Colleague: 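Below: one structure in structure tokens.
Computed from a predicted model, the values in this text were never measured in an experiment.
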Amino acid sequence: MCLLLAIGVFIVVAYVFREIVVKGQRCTSTVKLHGKTAIVTGSNTGIGKITAIDLAKRGARVILACRSKQRGEAALEEVKRESGSTQVVFMQLDLGSVKSVRSFAENFLKTESRLDLLINNAGVYMQGRTEDGLGMMFGVNHIGHFLLTNLLLDRLKACEPSRVVNLSSMAHNFGNIDFDCLNKHKALGLGTSFSEVFRIYSDSKLCNVLFNHELAKRLQGTKVTCYSLHPGAINTELARNTSSLLQLALKPLTTFFFKNPVQGAQTTLHCALQEGIEPLSGRYFSNCTVRELYPKAKDDAAAKKLWELSEKLCGLA
């Protein structure tokens, strides 16, 4: 009887936890986006695709910026079908290639007259090197979006008020930026064990928050605002490059305790759409609510140093 009672209590607590903590808050904005243009990177899957569908439903012209042509074109048809919009376009973008980022930006600026929302959503969780010799997670999760944002800033300013949304993660709390390693190896770390790869991923997510912090400073005096965020623990394809054994072991946890992509997209949508949050430019959000950061995530000197190093590594300096 005691065992049955304990199981019952556990089920009730787990259910309450899932309803309150896992599902989280929803974006409540009813704003329409007719005449507006948005770019969503990594929008062929997961929360990026859900974000694109929502923006398209609101009337925005949505650019699906994805690495895989095959998966991007498949997502294009799905986003059009789910949103009922024909104003959706696929444009190829490999964030692990400086050449590809520059080509994407050049093509976009030639063919599109507006940019009102830039949502830097894409990310990877894997070791390796980009075609430019950068550490994979540093190159894709940070440098690719850093370069893309800078190449498109003038268009964002021309269409202001506009916004940049940078997806990070609460994992940034576990990160640190090893500038000696970056200068010597163009990577945040070189390890390949589970703990080392997680630390490097966390480092890349700290880069996202520091980039957002410095970007807000450089945008002062304009009507372009920027926000970083933790979308929640999401049951998506981010871990597809981890071992199949680890994925199998995590399946019960991700199924019950992780958000689905619709729930996971809500904070992105809040930062992109919510009226009145412009004074919070540069801040970090979780569960559709602004959150305080640890000192290392809003370190002015580190953010400026990372910005200047990033400029050199992607050829902006």
Colleague: Could you tell me whether Lys99 and Asp132 have a side-chain N and a carboxylate O separated by less than 4.0 Å?
Modeller: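 Asp132 and Lys99: not salt-bridged.
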
Colleague: Could you tell me whether the side chain of Arg61 and the main chain of Gly35 form a donor-acceptor pair under 3.5 Å?
Modeller: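 Checked: no pair found.
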
Colleague: Between Arg81 and Glu77 (salt bridge meaning N to carboxylate O under 4.0 Å), is one present in this structure?
Modeller: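 Glu77 and Arg81: not salt-bridged.
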
Colleague: Using a strict threshold of under 4.0 Å (side-chain N to carboxylate O), is an ion pair present between Arg58 and Asp54?
Modeller: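 Salt bridge flag = yes for Arg58 with Asp54.
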
Colleague: Look only at the side chain of Thr130 and the backbone of Met136, and say whether a donor-acceptor pair between them is shorter than 3.5 Å.
Modeller: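 No, Thr130 side chain to Met136 backbone: no donor-acceptor pair under 3.5 Å.
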
Colleague: Looking at every non-hydrogen atom in both residues, tell me the closest pair between Asn287 and Arg291 and how far apart they are.
Modeller: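 Looks like CB-NH2, 3.6 Å.
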
Colleague: Please check: side-chain N/O of Gln266 versus main-chain N/O of Gln25, any donor-acceptor pairing under 3.5 Å?
Modeller: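 No; judged by distance alone, with no hydrogens or angles, the pair does not exist.
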
Colleague: Please tell me if the side chains of Thr222 and Leu219 come closer than 4.5 Å, counting only heavy atoms from C-beta onward.
Modeller: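 Of all side-chain heavy-atom pairs linking Leu219 with Thr222, at least one is under 4.5 Å.
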
Colleague: Can the ring centres of Phe285 and His270 be said to be less than 6.0 Å apart?
Modeller: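 Centroid distance Phe285-His270: below 6.0 Å, so yes.
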
Colleague: Salt bridge (Lys or Arg N to Asp or Glu O under 4.0 Å) between Lys305 and Glu214: does it pass, once the steps are laid out?
Modeller: CA-CA 10 Å; Lys305 188 174 183 179; Glu214 179 67 15; over 6 Å; no

Colleague: Please check if the distance between the ring centroids of Tyr284 and His172 is under 6.0 Å.
Modeller: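 Here the rings of His172 and Tyr284 have centres that are less than 6.0 Å from each other.
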
Colleague: Distance-only, no hydrogens or angles: does the Lys296 side chain make a donor-acceptor pair with backbone N or O of Gly175 under 3.5 Å?
Modeller: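 Looks like yes, one N/O pair under 3.5 Å.
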
Colleague: Any donor-acceptor pair under 3.5 Å linking the side chain of Asp116 with the backbone of Ser162?
Modeller: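 Such a contact is absent between Asp116 side chain and Ser162 backbone.
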
Colleague: So which atom in Phe108 and which in Leu152 form the shortest heavy-atom distance, rounded to 0.1 Å?
Modeller: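 In terms of heavy atoms, the two residues are closest at CD2-CD2, 3.9 Å.
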
Colleague: In the structure I gave you, are the side-chain heavy atoms of Ile39 and Leu115 within less than 4.5 Å of one another anywhere?
Modeller: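 Yes, close enough: below the 4.5 Å cut-off.
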
Colleague: Does the pair Glu160/Arg155 count as a salt bridge with the N-to-O cut at 4.0 Å?
Modeller: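 Not counted as a salt bridge, because no side-chain N and carboxylate O are separated by less than 4.0 Å.
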
Colleague: Charged N to carboxylate O below 4.0 Å: is that the case for Glu106 and Arg102?
Modeller: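 Answer for the salt bridge query: no.
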
Colleague: Could you check Thr268, Asn208, Asn212 and say which one makes a side chain to side chain donor-acceptor pair (under 3.5 Å) with Asn166?
Modeller: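 Checked Thr268, Asn208, Asn212 against Asn166; only one passes side chain to side chain donor-acceptor pair (under 3.5 Å): Asn212.
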
Colleague: Is the side chain of Gln127 donor-acceptor paired with the backbone N or O of Gly191 at a distance under 3.5 Å, no angle test?
Modeller: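 Such a contact is found between Gln127 side chain and Gly191 backbone.
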
Colleague: Counting C-beta onward and ignoring hydrogens, is there a side-chain heavy-atom pair between His145 and Val101 closer than 4.5 Å?
Modeller: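 Side chain of His145 against side chain of Val101, heavy atoms only: no contact under 4.5 Å found.
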
Colleague: Do Leu215 and Trp307 touch side chain to side chain, with heavy atoms closer than 4.5 Å?
Modeller: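 In contact.
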
Colleague: Keeping Ser281 on the side-chain end and Cys226 on the backbone end, is there a donor-acceptor pair under 3.5 Å?
Modeller: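 Yes, Ser281 side chain to Cys226 backbone: donor-acceptor pair under 3.5 Å.
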
Colleague: Between Glu78 and Lys49 (salt bridge meaning N to carboxylate O under 4.0 Å), is one present in this structure?
Modeller: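 Lys49 and Glu78: salt-bridged.
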
Colleague: Can you say whether the rings of Phe198 and Phe194 are parallel (under 30°), tilted (30 to 60°) or perpendicular (over 60°)?
Modeller: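 Parallel, since the angle between the ring planes stays under 30°.
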
Colleague: Does some side-chain heavy atom of Pro231 sit less than 4.5 Å from a side-chain heavy atom of Thr267?
Modeller: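 When only atoms from C-beta onward are counted, Pro231 and Thr267 do not touch, as no gap falls below 4.5 Å.
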
Colleague: Is Arg199 paired with Asp203 through a side-chain N to carboxylate O contact shorter than 4.0 Å?
Modeller: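 Yes, charged N to carboxylate O under 4.0 Å.
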
Colleague: Below 4.5 Å, heavy atoms only, C-beta onward: do Glu275 and Ser29 meet side chain to side chain?
Modeller: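 Side chain of Glu275 against side chain of Ser29, heavy atoms only: contact under 4.5 Å found.
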
Colleague: Would you find a donor on one side and an acceptor on the other, under 3.5 Å apart, between the side chain of Glu278 and the backbone of Gly276?
Modeller: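 Yes.
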
Colleague: Taking all atoms of both residues into account, what is the closest heavy-atom pair of Gly264 and Ile47, and its distance?
Modeller: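 So the minimum-distance heavy-atom pair works out to C-CG2, 3.6 Å.
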
